Enquirer: 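Take this structure first; my questions come after.
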Amino acid sequence: MDKAYDHSKTEERIYKMWEDGKYFTPEVNPNGKPYSIVLPPPNVTGTLHIGHALMLVIEDILIRYHRMKGFKTVWIPGTDHAAIATQSKVEAILYKKEEKTRFDLGREEFLKKVEDFAKESHDTIVNQVRKVGASVDWGREAYTLDEKRNLAVRTAFVRMYEDGLIYRGETIVNWDPKLQTTVSDDEIEWKEETTPLYYFKYGPFVMSTARPETKFGDKFVVMHPKDKRYKDYKEGQKIDVEWIEGKITATVIKDEAIDMEFGTGAMTITPWHDRTDFEIAKRHNLPFSQIIDFNGKLLPIAGEFSGLHIKKVRPLIIEKLKEKGLLVKVDEKYVHNLATNYRGGGVIEPQVKKQWLVDVNKEFEMEQSEIEGIKSGSVVTLKKLMKHVVEESQITIMPSNFIKTYYHWIDNLRDWCISRQIWYGHRVPVWYKGEEMYVGINAPKGEEWEQDSDTLDTWFSSGLWTFSTLGWPEKTEDLKIFHPTSVLETGYDILFFWVARMILMTTYLLGQVPFRKVLLHGLVRDANKQKMSKSKGNVIDPLDISQKYGTDALRIALIFSTAAGNDIPMSEDKVKGMKFFVNKLWNIGRFIEMQAEENNLSLDREGMSYKPSGDKEEEILKKAKGAISDINKNIEAFQLHLAAQTLYDFTWHTVADEYIEYVKVSENKKQSIAVLYNIFLEILKLLHPFAPFVTEEIYQRLYPEEAKKKPLIIASWPK
RNA sequence: GACCACUUAGCUCAGCGGUAGAGCGCUUCAUUCACAUUGAAGAUGCCGGGGGUUCAAAUCCCUCAGUGGUCACCA
């Protein structure tokens, strides 16, 4: 054996050996109890970052542990088409390279470009997944936008439509004029902004607004019914008002949504471009009209300002109102939150638009249910389902402090807008012919039917992930054996986006939970606790690290010393330290090899048969037993960092520092070495899920008798 | 505003009811003998402040303070 472990000489060879041996498939333990994980599919928008590496490592540890314990284990890999994210990325590249927009290319040609990009990104990701040693079953790989997943999406959509859970409606949506699409509430990122707040005279009232450019159509002035300042004004009262474009007749409305503390307690409403206003208008049956078009330009209602972009028009309107003597005052230091699209950064302009939505409050009959406490045929809502399975502990969320956040999110959940006006994604399975509409899995027969041009929110398809990857809607063997999946492991940042949506879709469509447990990991941050980002230049590329220090060192560093759910500070020094540990392991192996040779011991059962005779031997065996029991307990409790620490400590400070030093001076050397030889095998097994490459390599060299029967990856786990 | 987490050695963090721990850093010494990617010894802590429960609290409860995060609202 070489003096130091060289990961560059082993990793690729070993991964190939595992793959060729088909050890990643459930067939290695055909009769075991099923254990399944679906990989949270990375977006095909680029390459994997260190957070993905953490996710892969945690899941790989769970998978390898269960595989060695004899479970019929499957880990399903895949990638996510990430609709809007991928499309906007390609649009950006297209614009930079050719100064063209997607409309210049047309749907078909543009989609071809996106697909090429996605393919390339996919290949990079797959390569990265292999590099971190993930023992995923490549034969079962899936893509959220491939044929099979498309069938699942269409089937789900149609079923939900038939149950009245999907509807098409005029509603106020978050419109991104930049990307020309709606986005869901969860895709909004609020940015704090200081902006002037203008106070205008509006008849006898003073109203305030940060957005004068939307105020053209305001013919309703709203106040709280209990506001004493306005007690003389009655609901429905008409008042003549001098406004931007001359005299108008305003109507008084009383509504409890008004905050009496804010401004003057009176406000005018713009239902087409504000959610609160929209809701007030709906409650009072008020008409509403569009002021701003979908590109952000003013419509003819704005009179002389018609056709101008809202950005340009604001100062002009303020000037005009000032001239008319309607400007009362300006509060320059008004702080509010500006809605932006978190994928692309465009400022959100609320608009009323026809969209497809999922009704989360509508009661429906559960066709078939295996969920405890929900019988087949009982009446539920999607919200109720989502809450029930967590409340009744049919899904355990870890760490448990996220449960409260989860409930809170459900309580605030509004109908989920699932249609997007982008091109990359699953097309809505709805066809139109004149006034007629057809909703179905396949296109209707006959000419002249035109498919809805919208695509679906990417989370609609990833919500089906635990079972669409197993073959649903077909009733496959995989689905029968592996669903519900055992654990879903992912970052806490997508608890709402994804985890909640999976629970919604799966409980409804299958009458099952998608997984028994949810394990949430933290965000990987840099040594200064900063979020890693390209613009900050503090990104640690997992591949660089793994090339420099070895994948095993990277893996242990990611797991070591950080409790689940907490953010993880990552530094190269930490990885370096773990490389030392990997090398220590290697040198214990070397020590055994050299001692065996010197003492004429063959590396096999017979040569190393032992009778633990001395005190030291008894002691180390006892300690090993203790360590094994601790590690088992820790892994079962998902305390991987504790397991890793125990292993590190036991291997280095007990076996190497104490016992090996003793072996050197032992009077009963052969027996002492034999004991070491046997304990080291246990260590290699215990460490294998954490550091799969170096342990497999040492095992192959030092334990040829065992290795001949089976490689370490499927060796039996120490009890 | 609501909710959640965090506050432990110089730094990064474990531990979460029974005499304060790890890694890195620091001091001293040893050794080229599996490994200098080494070993041994050592220094450094009112375990954020205050109160309570308990035979016993870093660990459980209450409260205050600071830090970070999530969600909601914002005319």
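Keep in mind the model is a prediction, meaning the values are calculated, not measured. Here is how names work: the chains are called A, B, and so on, in the same order as the sequence lines, proteins then strands, and each is numbered from 1. Atoms considered below: every heavy atom in the structure, side chains included; atoms not considered: hydrogens, waters and symmetry mates.
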Enquirer: Which residue, N401(A) or M578(A), contacts RNA chain B at a nucleotide closer to its 5' end, judged by nearest heavy atom?
Expert: N401(A)
Enquirer: Quick one: E661(A) CD to U38(B) C1', roughly how many Å, whole number?
Expert: 9 Å
Enquirer: With C1' as the reference atom in both, quote the distance from G48(B) to U7(B) in angstrom, rounded to an integer.
Expert: 6 Å
Enquirer: Is atom NZ of K201(A) surrounded by more than 12 heavy atoms (other residues, nucleotides or ligands) closer than 6.0 Å?
Expert: no
Enquirer: Is it the case that the ring center of Y662(A) lies less than 6.0 angstrom away from the ring center of Y659(A)?
Expert: yes
Enquirer: Whole angstrom is fine here: how far is it from OH in Y334(A) over to P in C74(B)?
Expert: 9 Å
Enquirer: Rounded to whole angstrom units, what separation is found between the CZ atom of F650(A) and the P atom of A22(B)?
Expert: 18 Å
Enquirer: Between C74(B), A75(B), A14(B), which nucleotide gets closest to the side-chain atoms of T276(A)?
Expert: C74(B)
Enquirer: Where does the angle between the aromatic ring planes of Y648(A) and W652(A) fall among parallel (under 30°), tilted (30 to 60°) and perpendicular (over 60°)?
Expert: tilted
Enquirer: Say we look at U8(B) and G68(B): how far apart would their P atoms be, to the nearest angstrom?
Expert: 15 Å
Enquirer: Applying a 4.0 Å non-hydrogen cut-off, can you work out what A656(A) is touching in the nucleic acid: base, sugar-phosphate, or nothing?
Expert: base
Enquirer: From the options C35(B), U38(B), C71(B), select the nucleotide whose nearest atom is closest to the side chain of W652(A).
Expert: U38(B)
Enquirer: Between atom NE2 in H273(A) and atom C1' in C74(B), what is the gap in whole Å?
Expert: 19 Å
Enquirer: Can you tell which of A14(B), C71(B), C74(B) lies closest to the side chain of H408(A)?
Expert: C71(B)
Enquirer: Under 4.0 Å, counting only non-hydrogen atoms across every strand here, what does T270(A) touch: a base, just sugar-phosphate, or nothing?
Expert: nothing
Enquirer: For the P atoms, the ones on G45(B) and on A5(B), what distance do you get once it is rounded to whole angstrom?
Expert: 31 Å
Enquirer: Kindly point out which of C35(B), U70(B), U38(B) is positioned nearest to the side chain of N587(A)?
Expert: C35(B)
Enquirer: For F496(A), report the nucleic acid contact type (base, sugar-phosphate, nothing); a contact means any heavy atom under 4.0 Å.
Expert: sugar-phosphate
Enquirer: Nearest whole angstrom, please: distance from the P of G23(B) to the CG of D657(A).
Expert: 10 Å
Enquirer: When you compare G42(B) with C62(B), how far apart are their C1' atoms, in angstrom units rounded to a whole number?
Expert: 41 Å
Enquirer: R275(A) near the nucleic acid: base, sugar-phosphate alone, or nothing, with a heavy-atom cut-off under 4.0 Å?
Expert: nothing
Enquirer: Base, sugar-phosphate, or nothing for M207(A), non-hydrogen atoms under 4.0 angstrom?
Expert: nothing
Enquirer: If pairing requires Watson-Crick or G-U wobble contacts with both distances under 3.5 Å, which nucleotide is the partner of A43(B)?
Expert: none
Enquirer: Between U38(B) and G25(B), how far is it from one P atom to the other, in whole Å?
Expert: 9 Å
Enquirer: Could you measure between the two P atoms, the one in U53(B) and the one in U59(B), and give it in whole Å?
Expert: 15 Å
Enquirer: Is there a side-chain polar atom (N or O) of H336(A) under 4.0 Å from OP1 or OP2 of A75(B)?
Expert: yes
Enquirer: Does Y648(A) lie flat on the base of A22(B), that is, centres under 5.5 Å apart and planes under 30° off?
Expert: no
Enquirer: Atom CD of residue position E332(A) - does it have more than 12 heavy atoms of other residues, nucleotides or ligands inside 6.0 Å?
Expert: yes
Enquirer: May I ask you to evaluate whether K3(A) reaches the phosphate of C35(B), defined as a side-chain N or O under 4.0 Å from OP1 or OP2?
Expert: yes
Enquirer: Where the side chain of H653(A) is concerned, which of U37(B), G23(B), G15(B) is the nearest nucleotide?
Expert: G23(B)
Enquirer: Starting from P on G39(B), measure out to CD1 on I660(A) and report it in whole angstrom.
Expert: 11 Å
Enquirer: Please work out whether the ring planes of Y233(A) and F205(A) are parallel, tilted or perpendicular, with thresholds of 30° and 60°.
Expert: tilted
Enquirer: Calculate the interatomic distance between F591(A) atom CZ and G39(B) atom P; express it in whole Å.
Expert: 14 Å
Enquirer: Rounding to an integer number of Å, can you tell me how far I556(A) CD1 sits from C24(B) C1'?
Expert: 17 Å
Enquirer: Establish, yes or no, whether the cationic atom of K576(A) lies under 6.0 Å from the six-membered ring centre of Y549(A) and within 45° of the ring axis.
Expert: no
Enquirer: Between D185(A) and N583(A), just flag the one whose closest nucleotide in RNA chain B comes earlier from the 5' side.
Expert: N583(A)
Enquirer: Using a 4.0 Å heavy-atom cut-off, does K576(A) contact any base of the nucleic acid, only the sugar-phosphate backbone, or nothing at all?
Expert: nothing
Enquirer: Sticking with atom P, work out how far A20(B) lies from C47(B), rounded to a whole angstrom.
Expert: 11 Å
Enquirer: Do K584(A) and C35(B) have a side chain to base donor-acceptor pair shorter than 3.5 Å?
Expert: yes
Enquirer: Taking the same atom, P, in C13(B) and in G18(B), what whole-Å distance lies between them?
Expert: 24 Å
Enquirer: Would you mind classifying the nucleic acid contact of I269(A) as base, sugar-phosphate or nothing, using non-hydrogen atoms under 4.0 angstrom?
Expert: nothing
Enquirer: When you measure from the side chain of H641(A), which nucleotide among C4(B), G15(B), C35(B) comes out closest?
Expert: G15(B)
Enquirer: Should the ring pair W586(A) and Y5(A) be called parallel, tilted or perpendicular, given that the plane angle runs from 0 to 90° and is split at 30 and 60?
Expert: tilted
Enquirer: With a cut-off of 6.0 Å (strictly less than), are more than 12 heavy atoms of other residues, nucleotides or ligands near NZ of K320(A)?
Expert: yes
